[in-house]
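The block underneath contains the structure these notes are about, expressed in structure tokens.
For clarity, every value in this text was computed on a predicted model and none was experimentally measured. Start at 1 with the first residue, then count along the sequence.
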Amino acid sequence: MSPNSTMKLVTVAFYGFALGLLAVGLRELLTGFEENRCSMTYMFEYPEYRRVALPRRMARLYPAYGLYLYGEGLYAQETRALKLTGAPVLFLPGNAGSHKQARSLGSVALRKAENMEGGLHFNVFTVDFNEELVALYGGSLLRQTHFLHESIKAILRLYKHLKTPPQSVVLVGHSMGGVVARALFTLPRFNTNLVSLIITQASPHLAPVLALDPYLLDFYSAVRQKWVNQAKKLRNVTVLSVGGGYRDYQVRSGLTSLPCTPGDSNKLSLVATAVPRTWVSTDHLSIVWCKELVLATVRAFFDLLDPETRQVRTTNVHTHFQMNLSEEKKCCVEKNGGILCRIIFNGSFIYLRKQSPDANRWKYIVFSVALCLQEGQVKYFQFALSSRRKAYSHFYCRSNNLVSVQLPLCRFIHPGLRQPTKMRVTSPALEDHVTMAIACLSADRLPNVYRIHVPWFREDSLTTASVPSVTEISGMLHTSCPDNISGVLLQLHTAPNCQYKVLILRTSLPRMLGQILRFCGPMVPVYTAVTLLQACGGQLSSILKSRRAAEMSEVVAKGLQPHKVNLPVYILHILLGCSWFQEVWSFLYLPPMDALPPWPLLLSPLLYILGAAVAYWGSTLARVQNLLQFDSRQIKVGSKLSWFFSASFQAPRKYREDENGMVDAESLSKPKECNGAPLLSECALQEVRDDLQLHLCLSALFTLPIMLITPSLLHWLRNLRYSTQLDPDPCWPCSVPLIIVYILLINCNTLKLSNSKLLPLTSCLPLPMSIAMVTFSPLHLYRVTYFLLAALVPLASCCLL
């Protein structure tokens, strides 16, 4: 076997292994989580969405949007005239979300209102945003915010016939709908009293998942500055952000954390697994209809509703969505205008709250694991409240048998990357040194409860287990571990006469890869672009030196050069720690550098390899016609794949086609002869092959900008019946140069490039553009197009000079 063949086999094996790693990581990311333990919410009557008429000016400005009132059965008939008497709640769908997703919230709220005294109920409204892709195209976010403002004013106008109409609306936003809800306060004419409570579900508040256009980042920047700079003014606005947990691979729960000033008790971020009586992880869509979470939300609404003003009070909202056992309560004290009592029973206790001394309704204030143990037996409580059973809601019962174990989950790589550890609480082993294990000597084998408590973020999770059993608890976390905290706590609510053992297992490679893609996945397409750009540079260098184009597989394989690309980026980050370099950086008006991945010396090369694998096998698909063996049979050159990658660039066809578009395979390998004279020399065939390799490389580069502008194109197509223009259009600054460059390069060939005077300079540009791409594009994917244009424009100039 020749050295070239050996090298090709090694290259194929290496990139095959890299592609396998990427596939394993994607599989773990998309499927490597527990089953969905959410219960579905059902309706008992047919749902109706009654459109609320808006002023003509609003209908003309926003023809694609709409406002609806949710209803079922008799309630829908009673509200046909829109004479409403309840408290308004407005649901906001997210990216590509439907206004009909309000069904779960509206249906549960209607069922809950049937058991309420005094006719208390909620009117659930929903907004139709035309299912726009606002997570990928940010040009519609500001338009949605303005329409939301007008919708709130239209909703409050429906209550003008009441003596004491509500003055504010409760907002429930899913995904990007939660970001739009917070963006209301950036409007110059928005009255902050119109909204006092915002609940967001799986909303990426910290940063967008993918920054495909600058409008998306500008929108996020305006929202962040408003809420941070005017934190005191907005302190009375309560915002609750609920993340889906580990099942949500679209928006990781770390992004759902609210950027707010420390000590603001009205801003709360947590994960669904930490919500009392929910305790389940949800994916990005099921968080809307998850019965456990919807019930917790509706209970909070009714508990906080003022029956006189039809306003939802924002005080003590956190008591409904988090477990807070740190504050010690006395037996009976006056607190917040009411009476708070603690009832103690054999070491276990419950908390009840009375709104006023003469009120008959008792409400819970805190609750946690419903596990009541005393001397190995379950204690049942009886209360003389049977006549007020409808008014009684919850009780809190805690066992004194609580064991906490410190888990070193902060010792790995990064938030989420350092936590792919799994804890296994095992049955008792035969060893005598078992400290904690599920094995009971008594006949009464009570269930056990395990809680993973994360001190720095509300992402606790609870697991119940029977006895004896083997229970695995995932330790995948969503946020970074502060330096002053050693780890998380595993709290075991134990039973007497039982032994427990905690075994911390090592992380597996698939889980580690899944976490890497969860946190650093958007960097893979950046390194794919870097690899293809480096391949283009290698192709130009080959043409400059030998006046021939190299094989596409060779130049793409050589595009993996982390020592040339990542090393300068590391040096720049180190130099930015110096004040003099920061001054030089600011003097040059350069944008801030994007953050490096955690453990850059390890993860940056790994991400580079994964991106190079995508580029290599993608280019292999583009060269599928070259991988086919030419035999004596005829092959069809005019296939769609060949047309896209070769014929679209009009590679010179110096071979003969028959009337059916078929080319004789021998015509590609042998010179043609007529009366003994050759018609097509081997040199001409080599030129055709060189042009094809060059055009394949260029076509791969052109596919990247097309993929990045696809979301904007889809948005324009979906709204074509409302407007023929995309406003704002993030594509036009780069679309016009791309079209011009494409027209110039479509007839380009290796002979013309090799004779160009600009080729030596152009061949040197891909490397600095690759370094700049890694420096400025990981968090700004739309900049990839800019750097590709910066390298392709001089290349197109070579066709002229």
Practice item. Please report the closest heavy-atom contact between L726 and S712, naming both atoms and the distance. Key: CD2-O, 3.8 Å

Exercise for review: Report yes if the side chains of Q250 and V209 come closer than 4.5 Å at any heavy-atom pair, otherwise no.
Suggested key: no

Practice item. Could you grab the distance from atom SG of C734 to atom CD1 of I709, nearest 0.5 Å is fine? Key: 6.5 Å

Practice item. Carefully, step by step, assess F702 and L792 under the rule side chain to side chain contact (heavy atoms under 4.5 Å, CB included). Key: CA-CA 10 Å; F702 272 104; L792 290 176; 4.3 Å; yes

Point to revise | Rounded distance (nearest 0.5 Å) linking atom CG of L30 with atom CZ of R518 | key: 9.5 Å

Review point. Atom OH in Y215, atom OH in Y782: separation rounded to 0.5 Å?
Key: 10.5 Å

Review point. Atom NE2 in H780, atom CG in L210: separation rounded to 0.5 Å?
Key: 13.0 Å

Point to revise | For the student: nearest non-hydrogen atoms of L696 and M552, plus distance | key: O-CE, 3.9 Å

Point to revise | Pairwise side-chain contact, F14 with L560, heavy-atom cut-off 4.5 Å (strictly under) | key: yes

**Study point:** Shortest non-hydrogen contact between V251 and P204, atoms and distance
**Key:** CG1-CB, 3.9 Å

Point to revise | Non-hydrogen side-chain atoms of V180 and L141 separated by less than 4.5 Å | key: yes

Exercise for review: Measure from the side-chain N and O atoms of R224 to the backbone N and O of P259, and report whether any donor-acceptor pair falls under 3.5 Å.
Suggested key: no

**Study point:** K545 atom NZ, over 12 foreign heavy atoms within 6.0 Å
**Key:** no

Review point. Going through the checks in order, is the side chain to side chain donor-acceptor pair (under 3.5 Å) test met by Q693 and Q539?
Key: CA-CA 9 Å; Q693 297 299 328; Q539 198 71 272; 5.2 Å; no

Practice item. Scan I739, L738, L745, L744 and name whichever one has a side chain to side chain contact (heavy atoms under 4.5 Å, CB included) with V741. Key: L745

Practice item. Using side-chain hydrogen bond (donor to acceptor under 3.5 Å, both in side chains) as the criterion, point out the one residue from K558, K564, Q561 that pairs with Q534. Key: Q561

**Study point:** Within-4.5 Å side-chain heavy-atom neighbours: L602 and L606
**Key:** no

Check your understanding: Taking D213 for the side chain and G138 for the main chain, is one N or O donor matched with an acceptor at less than 3.5 Å?
Key -> yes

Exercise for review: Using only heavy-atom distances, determine whether the side chains of H284 and S175 contain a donor-acceptor pair under 3.5 Å.
Suggested key: yes

Practice item. Say whether, by atom type as modelled, one donor and one acceptor occur between the side chain of S797 and the main chain of V793 under 3.5 angstrom. Key: yes

Review point. Would you say L694 and L753 make side-chain contact, with heavy atoms under 4.5 Å?
Key: yes

Practice item. Using modelled atom types only, decide if a donor and an acceptor are shared between the side chain of S619 and the backbone of Y616 within a distance under 3.5 Å. Key: yes

Review point. Looking just at side-chain N and O atoms, do T750 and D691 make a donor-acceptor pair shorter than 3.5 Å?
Key: yes

Revision key, fill the gap. On a heavy-atom basis, the closest approach of Y608 and G559 is OH-O, 2.8 Å

**Study point:** Atom pair CG (L698) and CD1 (I746), whose distance is rounded to the nearest 0.5 Å
**Key:** 11.5 Å

Review point. T620 versus W617: any side-chain heavy-atom pair under 4.5 Å?
Key: yes

Exercise for review: Say whether, by atom type as modelled, one donor and one acceptor occur between the side chain of S542 and the main chain of G538 under 3.5 angstrom.
Suggested key: no

Point to revise | Heavy-atom neighbours of K226 NZ exceed 12 at 6.0 Å | key: yes

Check your understanding: Just by distance, do the side chain of S257 and the backbone of G254 share a donor-acceptor pair under 3.5 Å?
Key -> no

Practice item. Evaluate side chain to side chain contact (heavy atoms under 4.5 Å, CB included) for L575 paired with I571, printing each intermediate quantity in order. Key: CA-CA 6 Å; L575 291 177; I571 296 175; 4.0 Å; yes

Review point. Under 3.5 Å, side chain of S604 to main-chain N/O of L601, donor-acceptor pair present?
Key: no

Exercise for review: Go through M523 and L779 one step at a time and tell me if the side chain to side chain contact (heavy atoms under 4.5 Å, CB included) criterion holds.
Suggested key: CA-CA 8 Å; M523 295 188 65; L779 302 181; over 6 Å; no

Check your understanding: Got more than 12 heavy atoms from elsewhere within 6.0 Å of OH, Y570?
Key -> yes

Check your understanding: Is the closest side-chain heavy-atom distance between S203 and T256 below 4.5 Å?
Key -> no

Exercise for review: Measure across A790 and P794 and return the closest heavy-atom pair with its distance rounded to 0.1 Å.
Suggested key: O-CD, 3.1 Å

Review point. Short question: side chain of D594, backbone of V774 - any donor-acceptor pair under 3.5 Å?
Key: no

Review point. Would you say R511's side chain and G25's backbone share a donor-acceptor pair under 3.5 angstrom?
Key: no

Check your understanding: Do E28 and V24 come within less than 4.5 Å of each other through their side chains, counting heavy atoms only?
Key -> no

Exercise for review: Could you tell me whether the side chains of R143 and S140 share a donor-acceptor contact shorter than 3.5 Å?
Suggested key: yes

Check your understanding: Quick one: do the N755 and R547 side chains pair a donor with an acceptor below 3.5 Å?
Key -> yes

Practice item. Quick one: pull up CG in L532 and OG in S699 and give me the separation to the nearest 0.5 Å. Key: 9.5 Å

Practice item. Evaluate the ring planes of Y137 and H715, with Trp represented by its six-membered ring, and classify them as parallel (under 30°), tilted (30 to 60°) or perpendicular (over 60°). Key: tilted

Practice item. Examine distances only and state if a side-chain atom of R783 and a backbone atom of F776 form a donor-acceptor pair shorter than 3.5 Å. Key: yes

Check your understanding: Hey, mind stepping through Q515 and F519 against side chain to side chain contact (heavy atoms under 4.5 Å, CB included) and telling me if it holds?
Key -> CA-CA 6 Å; Q515 286 294 83; F519 283 82; 3.8 Å; yes

Point to revise | Shortest non-hydrogen contact from F581 toward L572 | key: CZ-CD2, 3.8 Å

